[in-house]
Amino acid sequence: MAASQKPKQLPIYAYLSDAAVERYARKTREGMFDLASFEVFWQRHHKFLEDAGYLLRPRYRPNWKPSWIGTNLDPTYCEDSIMLETYQVMDATRADTNEVVTIKSFTKDTQELQIAQFFSTFKDPMNHCVPVHEILPDPFDHEKALMVMPYLQPCNNPQWSTLGDVVDFVTQTLEGLTFMHRHRVAHCDIATLNIMMDAKPLYPEGHHPVHLNYAPDGLHRITPLPRAGRSIRYFYIDFGLALQFQPGVTPTALGIVGRDREVPELSDTVPYNPFKVDIFALGNLYSQEFEQKYTNMEFLVPLVELMTQREPTQRADAEQLLLKWEEIRRDLNKSSFRWRLAPKGEPAIERVLNDTVAVAWHGINHLKSLVS
């Protein structure tokens, strides 16, 4: 995510010694920083996307030349040396609004487009499915298209830091699951990687879309604000494996698919209920991300147990789980929402120190919010 910023003086570590300048010049000539093959795909689409109102980063401009050539700048601290990490997905900036968006290349003959567009028609606070801004035809491949969506980042980067962060995440993801299931859609690939967040409130001056811990210039390291007291919204993404069923049709599926291979009933030969798979996968996510990692997660145990029963018919459905969670949440002491998430196995002395630091930072951030 980018935002307008005042120019900053380059730090000393951004400059190379004379010997290092020659070494990096040689590595550049040898192709160390060349576009990867999947990056060439996006460079090829640069003009088309620009005409459609979307600007790619300088690295993907036609005839791009590295900005550090002929200088004593360290290439690793030059923004245009930062490579794309996911071949199907590119960040871009809307020319008219300066909003950072995500553009995904996908094959049109799947349910992904249909389901994503279906959910985008709903204005419901329980809808936590990533919205689709626009679908662009791929000018070079009629079997593919380009899906424009909001720019989001991984739900666990930065990591959750307070009990309230966990409560908010569970609330929103259970709401989103209930919403999908109400509309007869099973996601079929629920996992941490497929839940993203709009984290703009954590980065008032923006961040680089690939190197999240750096400013938009890719050079200056930044620290995100804590989630507590800020409106973070979570979204389910990637409906490539999703299934939608008509009313009255018994929901069944086949195949060992999805990122969570611990779902016990997955099979290539025995049909299973994909809605129950979603329930297990989300419960397993809660267990792995929170219950197994941190202390004071006892309140999650009843919910996780309802979701991860080995026998699918013994698992509660999404509506029942949301009601159960609302009951659990009502019984939680609101003052505990500020508690720091303490890793299991953390030494007692270290825990006291970390708790003290956490309280101090909470006070500082509270004062900052009052001042701003």
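The structure presented is a predicted model; accordingly, all values stated were derived computationally and were not measured. Side chains are part of it too, since the values below use all heavy atoms of this structure and drop only hydrogens, waters and symmetry mates.
Judged by distance alone, the side chain of His128 and the main-chain N or O of Tyr234 form a donor-acceptor pair under 3.5 Å. Between the side chain of Ser120 and the backbone N or O of Val132, at least one donor-acceptor pair lies under 3.5 Å. With hydrogens and angles ignored, the 3.5 Å screen pairs no side-chain donor or acceptor of Asp278 with any backbone N or O of Ala186. Here the side chain of Ser17 pairs a donor or acceptor atom with the backbone of Ala20 at under 3.5 angstrom. Side chain of Asp80 to main chain of Ser67: a donor-acceptor pair is present (N/O by atom type, distance under 3.5 Å, no hydrogens or angles). A distance-only check finds no donor-acceptor pair linking the side chain of Asp91 to the backbone of Val210 [under 3.5 Å]. Checked by atom type and distance alone, the side chain of Lys47 never pairs as donor or acceptor with a backbone atom of Pro62 at under 3.5 Å. Checking side-chain atoms of Asn194 against main-chain N and O of Asp189 turns up a donor-acceptor pair under 3.5 Å. The closest donor-acceptor contact from the side chain of Gln114 to the backbone of Thr110 lies at 3.5 Å or more, if one exists at all. At least one donor-acceptor pair under 3.5 Å links the side chain of Arg227 to the backbone N or O of Pro158.
The CD1 atom of Ile190 lies 6.5 Å from the CD1 atom of Ile195; values are rounded to the nearest 0.5 Å. To the nearest 0.5 Å, the span separating CG on Leu341 from CE on Met297 amounts to 5.0 Å. Atoms CD and CG, on Gln292 and Leu300 in that order, are 11.5 Å from each other to the nearest 0.5 Å. Taking CZ of Arg261 as the start and CZ of Arg259 as the end, the distance is 10.0 Å to the nearest 0.5 Å. The structure places CH2 of Trp68 at 14.0 Å from OH of Tyr77, a figure rounded to the nearest 0.5 Å. Between atom CG of residue Leu219 and atom CG of residue Leu10 there is a gap of 5.5 Å, rounded to the nearest 0.5 Å.
Salt-bridge check for Glu79 with Arg57: passed, with a basic side-chain N closer than 4.0 Å to an acidic carboxylate O. Between Arg29 and Glu22, at least one side-chain N (NZ, or NE/NH1/NH2) sits under 4.0 Å from a carboxylate O, which counts as a salt bridge. Here Lys104 pairs with Glu112 in a salt bridge; the nearest charged N to carboxylate O distance falls below 4.0 Å.
Linking Ile, Leu, Val, Met, Phe, Trp and Tyr whenever their side-chain heavy atoms come within less than 4.5 Å puts Met197 and Ile222 in one cluster. Side-chain heavy atoms closer than 4.5 Å link hydrophobic residues (I, L, V, M, F, W, Y) into clusters, and following such links, even through other members, never connects Leu243 to Tyr272. In this structure, Leu332 is a member of the same hydrophobic cluster as Val166, with clusters built from ILVMFWY side-chain heavy atoms closer than 4.5 Å. At a threshold of 4.5 Å between side-chain heavy atoms, the hydrophobic network of Ile, Leu, Val, Met, Phe, Trp and Tyr places Phe169 and Tyr294 in one connected group.
A ring-centre distance under 6.0 Å is found for Phe290 and Trp160.
Two residues are said to be in side-chain contact when any heavy atoms from C-beta on lie closer than 4.5 Å; Tyr151 and Gln153 meet this criterion. At least one side-chain heavy atom of His45 sits less than 4.5 Å from a side-chain heavy atom of Phe140. Contact annotation: the side chain of Asp141 never approaches that of Ser105 to less than 4.5 Å [non-hydrogen atoms, C-beta and beyond]. Two residues are said to be in side-chain contact when any heavy atoms from C-beta on lie closer than 4.5 Å; Thr102 and Val148 fail this criterion. In this structure, Tyr286 and Leu174 have side chains that are in contact, with non-hydrogen atoms separated by less than 4.5 Å. With contacts defined as side-chain heavy-atom distances shorter than 4.5 Å, the pair Thr121/Gln117 does not qualify. With contacts defined as side-chain heavy-atom distances shorter than 4.5 Å, the pair Phe48/Tyr54 does not qualify. Residues Ile279 and Phe275 form no side-chain contact, since every pair of their non-hydrogen atoms from C-beta on lies 4.5 Å or further apart.
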Starting from the C-alpha separation in whole Å, work towards a yes-or-no answer on side-chain contact (heavy atoms from CB on, under 4.5 Å) for Leu113 and Phe106.
-> CA-CA 9 Å; Leu113 173 59; Phe106 69 101; 3.6 Å; yes
Under the side-chain contact (heavy atoms from CB on, under 4.5 Å) rule, what do Thr93 and Leu56 come out as? Steps first, then yes or no, please.
-> CA-CA 7 Å; Thr93 302; Leu56 302 186; over 6 Å; no
Take Ile103 and Leu136 through the test side-chain contact (heavy atoms from CB on, under 4.5 Å) and record every step on the way to the result.
-> CA-CA 10 Å; Ile103 303 177; Leu136 301 172; 5.6 Å; no
Any chance you could lay out the side chain to side chain donor-acceptor pair (under 3.5 Å) test for Tyr236 and Thr173, step after step, and finish with the verdict?
-> CA-CA 8 Å; Tyr236 287 96; Thr173 49; 4.7 Å; no
Evaluate the criterion side chain to side chain donor-acceptor pair (under 3.5 Å) for residue pair Thr107 and Asp109; output intermediate values, then yes/no.
-> CA-CA 6 Å; Thr107 303; Asp109 64 352; 5.0 Å; no
Taking it one step at a time, do Ser267 and Thr269 satisfy side chain to side chain donor-acceptor pair (under 3.5 Å)?
-> CA-CA 5 Å; Ser267 172; Thr269 57; 3.3 Å; yes
Could you give me the CA-CA distance, side-chain angles and deciding distance for Arg340 and Thr162, then say whether side chain to side chain donor-acceptor pair (under 3.5 Å) is met?
-> CA-CA 4 Å; Arg340 179 183 69 90; Thr162 67; over 6 Å; no
side-chain contact (heavy atoms from CB on, under 4.5 Å) between Leu146 and Leu49, worked out | CA-CA 10 Å; Leu146 303 172; Leu49 290 171; 4.0 Å; yes
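Results of the side chain to side chain contact (heavy atoms under 4.5 Å, CB included) test with Leu323 over Glu326, Glu319, Glu327, Gln320 single out Glu326 as the only residue that passes. When the options Phe235, Phe118, Phe122 are evaluated for a ring-ring contact (aromatic ring centres under 6.0 Å, His included) with Phe179, the one that passes is Phe122. A ring-ring contact (aromatic ring centres under 6.0 Å, His included) with His187 is found for exactly one of Phe280, Phe119, Phe239, namely Phe239.
A donor and an acceptor atom, one from each side chain of Thr313 and Glu311, are located under 3.5 Å apart. Ser336 and Asn333 share no donor-acceptor pair across their side chains, judged by distance under 3.5 Å alone. Residues Glu39 and Tyr60 bring a donor and an acceptor atom of their side chains to less than 3.5 Å of each other.
Environment of NZ in Lys65: sparse, with no more than 12 heavy atoms of neighbouring residues, nucleotides or ligands closer than 6.0 Å. In Lys144, the NZ atom is crowded: over 12 heavy atoms of neighbouring residues, nucleotides or ligands sit closer than 6.0 Å. For Glu143, the CD atom counts as loosely surrounded, since its 6.0 Å shell holds 12 or fewer non-hydrogen atoms of other residues, nucleotides or ligands. The environment of Asp18 atom CG is sparse: at most 12 non-hydrogen atoms of other residues, nucleotides or ligands sit within 6.0 angstrom. Enclosure of atom OH in Tyr87 is not indicated, since only 12 or fewer non-hydrogen atoms of other residues, nucleotides or ligands lie within 6.0 angstrom.
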